[in-house]
Amino acid sequence: SKSDENVNAVVADYMSSSAAKGVLSGLEKNYVVPAATFYFNYDSVFARAALSIDTLDNASFPRRGVRFNATYTGTRSNVHAGLVEKYNHSYQINGTLPVCITPDFSVMLSGEYNHSDDDYFTLGGAFKLSGSPFGKYIGSRSWFGRAMALYSVSDKFKEIGMPLYIGATYETGRAWYPDVRMDHDTRQQAVSVFVGLDSWIGPVYLIAGRTFGHSNALMLYWGRLTF
């Protein structure tokens, strides 16, 4: 219609005017978003040293030799923009010493100490507080000791065709966090009796254990023990 044509003409005249250009220029200036720049720098340093000695005559049922391991791990992480520095020092020491008393009877002494700034260690399970579930005791520090008496009955069960042992253990240890008070983070004690078979598929143990003041357990364990 003629009225619409008049309106369109008025709008066109205004958009071409200097006033409209000034308004549009002001809008552009008010809504420009400046570009942002982010800086992120990250450094990480890692160091590790280890010493291992193993002269055991048998990996699972040793009677002679010695085993000793010591490991140190150190890390440093540095985030420059956030000024964050993180250090972690961790070391683990463990060893095993079997003592042969008679041709069929031996005693094996084992111990370990673990320390970490931001990792954790556990106690519980087969021959590591045998009456307790695996991983029941946890902490960034831990120590553990075990005395195992081992007697070979292979001559009495020759039909099996594999080395067979009976034995008993006394176990004691503690896992804790230095800055946090937790239940059961004091020293624990346990005992066990067991039957061990050095089979062609690896060592197999049937273990009955008791952690004093806490729990009892009956376990079937297959595999090499972590002394």
| message | Test your reading of the model: is there a side-chain donor-acceptor pair from T169 to the backbone of A147, 3.5 Å cut-off? | response | no
For Y151 and K156 the tightest heavy-atom approach is OH-NZ, 3.8 Å
ask   = Under 6.0 Å from the six-membered ring centre of W143 and within 45° of its axis: does the NZ or CZ of R141 meet both?
value = no
Report task. Using only heavy-atom distances, determine whether the side chains of T73 and S90 contain a donor-acceptor pair under 3.5 Å. Result -> no
Heavy-atom closest pair (C100 atom, R64 atom, distance to 0.1 Å) is SG-NH2, 3.8 Å
(request) Please report the C-alpha distance between Y221 and I207 in whole Å, then the side-chain angles of each, then the deciding distance to 0.1 Å, and finally whether the side-chain contact (heavy atoms from CB on, under 4.5 Å) criterion is met. (result) CA-CA 8 Å; Y221 185 90; I207 309 164; 4.2 Å; yes
* On the 0 to 90° scale, with breaks at 30° and 60°, tag the Y205-F61 ring pair as parallel, tilted or perpendicular. => tilted
TODO: Could you tell me whether the side chains of S130 and E171 share a donor-acceptor contact shorter than 3.5 Å?
DONE: yes
Residues at least two apart in sequence or cross-chain that pass salt bridge (charged side-chain N to carboxylate O under 4.0 Å, His left out) with D118, listed by chain then number, are K86
I would like to know whether D119 and N88 meet side-chain contact (heavy atoms from CB on, under 4.5 Å); could you show each step before the answer? CA-CA 9 Å; D119 203 351; N88 176 41; 5.6 Å; no
Exercise. Between N94 and R67, does any side-chain donor sit less than 3.5 Å from a side-chain acceptor?
Worked result: yes
### Query
Should W200 and L197 be counted in the same cluster of Ile, Leu, Val, Met, Phe, Trp and Tyr side chains packed under 4.5 Å apart?
yes
Smallest heavy-atom separation, S52 atom then N69 atom, equals OG-OD1, 2.7 Å
Has the side chain of S132 got a donor or acceptor atom that lies under 3.5 Å from a matching backbone atom of T211?
no
Side chain to side chain donor-acceptor pair (under 3.5 Å) filter on S140, not counting sequence neighbours, yields none
TODO: May I have the step-by-step check of ring-ring contact (aromatic ring centres under 6.0 Å, His included) for F127 and F194, ending in yes or no?
DONE: CA-CA 10 Å; F127 299 136; F194 65 92; 5.0 Å; yes
Next on the checklist: Counting only heavy atoms not in F105 (residues, nucleotides, ligands), do more than 12 fall under 6.0 Å from its CZ?
Outcome noted: yes
query = Have Y72 and Q92 got a donor and an acceptor in their side chains that come within less than 3.5 Å?
reply = no
In terms of heavy-atom contacts, A217 and G131 come closest through CB-O, 3.8 Å
Do D198 and S60 have side-chain atoms, one donor and one acceptor, less than 3.5 Å apart?
no
Heavy-atom nearest pair, D54 first then L56, reads OD1-N, 3.1 Å
Those residues at least two apart in sequence (or on a different chain) that pass side-chain contact (heavy atoms from CB on, under 4.5 Å) with S106 are R63, L150
In this structure, CZ of F144 is separated from OG of S110 (nearest 0.5 Å) by 8.0 Å
message = Take a 6.0 Å sphere around OH of Y170 and say whether it holds more than 12 heavy atoms from other residues, nucleotides or ligands.
response = yes
*Return the orientation label for the W176 and Y113 ring planes: parallel under 30°, perpendicular over 60°, tilted otherwise.*
tilted
Practice prompt. Could you check V153 against Y165 for side-chain contact (heavy atoms from CB on, under 4.5 Å), going step by step and ending with a plain yes or no?
Written response: CA-CA 6 Å; V153 293; Y165 302 86; 5.8 Å; no
side-chain contact (heavy atoms from CB on, under 4.5 Å) for F68 and I93? Distances and angles first, verdict last. CA-CA 8 Å; F68 176 81; I93 302 171; 3.7 Å; yes
Would you call K128-E112 a salt bridge at under 4.0 Å N-O? yes
dist Y137:OH -> T122:OG1 (nearest 0.5 Å) comes out at 12.0 Å
* Answer yes if F121 and F134 sit in the same cluster of Ile, Leu, Val, Met, Phe, Trp and Tyr residues linked by side chain heavy atoms under 4.5 Å apart, and no otherwise. => no
Rounded to the nearest 0.5 angstrom, the NE2-CD distance for H214 and Q188 is 3.5 Å
| query | Does F157 share a hydrophobic cluster with I201, counting links as ILVMFWY side-chain heavy atoms below 4.5 Å and allowing steps through other members? | reply | yes
Output for pair (M219 CE, S192 OG), nearest 0.5 Å, gives 7.0 Å
Please answer: with hydrophobic residues joined when any side-chain heavy atoms are less than 4.5 Å apart, are M108 and I166 in the same cluster?
-> no
Flag yes if V195 and V191 sit in one hydrophobic cluster, no otherwise; membership is Ile, Leu, Val, Met, Phe, Trp, Tyr, and two members link when side-chain heavy atoms are under 4.5 Å apart. no
